[in-house]
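Notes to accompany the following structure.
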Amino acid sequence: MTAIDRVHVPLGDRAYDVVIGRGLLAQAGALIEPLLQRKQMAIVTETRVAGLHLDAVQAGLGAAGIASTALALAPGEATKGWAGLTEAVEGLLDAKVERRDIVLALGGGVIGDLAGFAAAILRRGVRFVQVPTSLLAQVDSSVGGKTGINTRHGKNLVGAFHQPALVLADIDLLDTLPARDFLAGYGEVVKYGLLGDAAFFDWLEANGPALAKGDRDLRHYAVRRSVEMKAGIVSRDETEQGERALLNLGHTFCHALEAATGYSDRLLHGEGVAIGCALAFDLSARMGLCAQETPSRVRAHLRAMGMATELADIPGDLPGAAALIDLMGQDKKVQDGQLRFILARGIGAAFVCDAVPMEALRSVLEDGLALQG
Ligand code: GLY
């Protein structure tokens, strides 16, 4: 069995560890206890995750003498809005959370972002611990301190940078994920190889299928390598003034596709990231930045994993290229009216580009849309 790993996120007085391993829920109390001022925690979770893991978390805390209350919200992206934020904040105040207490976020990206933001504003800021239960949350959203909610204007438009005090990524929890959710999270794993670590992409090509089937040692390595990469980038650029933008590889396309599909289960975020990464390599090849065969290699791996790679793989109709480009213009990464893309000179060699010719973008989208049945 693989040992427990600790990846440190060196952010001065906001530094913390991401603990990665198996059986971490049972050890949650022992791992969190050194951070606590009093042996009392409030857990924010959602009902589906609560049914699977809440008892184990509370037992793990109890083993170290930590009492806990739990607030279980409705599952799903709709919870990550003003009403869900009110429910979380009022619930934490009902639970008498004090300024020096620590909130525990138990769930996927929705709960981590929401509970983290609630913690950021509760009593002008309390600390929180992330216990991510999805692959996407373990490799991406639980690390780096982006917290927030969606508004009617778009996703993640209200929020705060608020770093967790600790992240516990328990590999065993990935066993309870539906296959579709696991693969969607894998979209974010592949992203790390594509943006900055060609050797990791080679490793994923060799090991991805076995990892998806359930090999826990391979899952552990993939989570650790992803977290190491994220921790490195976040520690160099916490508030996304530069390098952190590379983590948005595939996301300008993805956000337009999520908007075009109404943020519905026609397209999960990680599925949009995977298709967006393939399109980002198409665009890079079209602009002569990377070899013409590189997009095919990216797609071949995603297909070997059983993932969608094309606009045509998204069920239902999509709007035309012009409408998709319009939706990209709503993205919060737009600066001075310029669309911002993460492009690549090859696998593992991404960079920020604010000067994409519209014609190249339109033709990449038109070619993709033409494949629709
Ligand atoms: N998910 C992208 C970031 O944390 O910057």
Side-chain angles (χ1 to χ4, degrees), residues 7-11 14-16 18 77 80 105 107-117 119-120 128 130 132-150 154-164 167 169 181 184-197 200 222-259 263 267-277 280 328 331-335 340-344 350-352:
V7 177
H8 189 61
V9 188
L11 286 170
R14 285 162 291 104
Y16 56 96
V18 182
E77 189 76 28
K80 202 179 124 177
V110 165
I111 288 297
D113 286 7
L114 174 70
F117 187 41
F128 77 116
Q130 290 266 23
T133 57
S134 69
L135 180 59
L136 184 141
Q138 291 192 355
V139 300
D140 183 30
S141 58
S142 69
V143 180
K146 281 189 180 174
T147 71
I149 58 169
N150 308 325
K155 282 182 75 171
N156 299 323
L157 289 179
V158 172
F161 284 101
H162 187 50
Q163 299 291 343
V167 182
D181 289 337
Y186 187 82
E188 298 279 4
V189 175
V190 174
K191 183 190 78 176
Y192 289 106
L194 294 176
L195 76 87
D197 187 347
F200 184 44
V223 172
R224 193 188 79 202
R225 183 67 200 125
S226 301
V227 168
E228 281 170 357
M229 287 190 69
K230 180 139 191 193
I233 291 172
V234 165
S235 67
R236 292 187 292 273
D237 179 21
E238 184 181 5
T239 57
E240 202 170 308
Q241 304 305 307
E243 184 187 358
R244 187 166 179 166
L246 298 181
L247 296 172
N248 296 325
L249 177 62
H251 282 63
T252 303
F253 290 105
C254 171
H255 288 159
L257 295 172
E258 284 182 290
Y263 303 98
L267 184 74
L268 303 181
H269 176 72
E271 294 171 337
V273 169
I275 294 170
C277 285
M328 289 174 193
D331 200 282
K332 65 183 177 310
K333 293 185 293 299
V334 171
Q335 277 180 13
R340 164 167 286 200
F341 286 87
I342 310 306
L343 300 180
F351 66 99
V352 179

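Counting starts at 1 for both ligands and their atoms, in listed order.
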Residue pair Y192, D197: steps toward the side chain to side chain contact (heavy atoms under 4.5 Å, CB included) verdict: CA-CA 7 Å; Y192 289 106; D197 187 347; over 6 Å; no

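- Residue contact check: D140 has heavy atoms under 4.0 Å from atoms 1 (N), 2 (C), 4 (O) of ligand 1.
- Heavy-atom proximity to R244, at under 4.0 Å, picks out these atoms of ligand 1: 3 (C), 4 (O), 5 (O).
- Proximity of H162 to R14: side-chain heavy atoms (C-beta onward) are nowhere separated by under 4.5 Å.
- Between K155 and E258 there is a salt bridge, since at least one side-chain N of the basic residue sits less than 4.0 Å from a carboxylate O of the acidic one.
- Residue H251 places every heavy atom at 4.0 Å or more from ligand 1.
- Looking at L135, L247, V273, L249 one by one, the single match for side chain to side chain contact (heavy atoms under 4.5 Å, CB included) with E188 turns out to be V273.
- Considering backbone and side-chain N/O atoms, K230 comes within less than 3.5 Å of an N/O atom of ligand 1.
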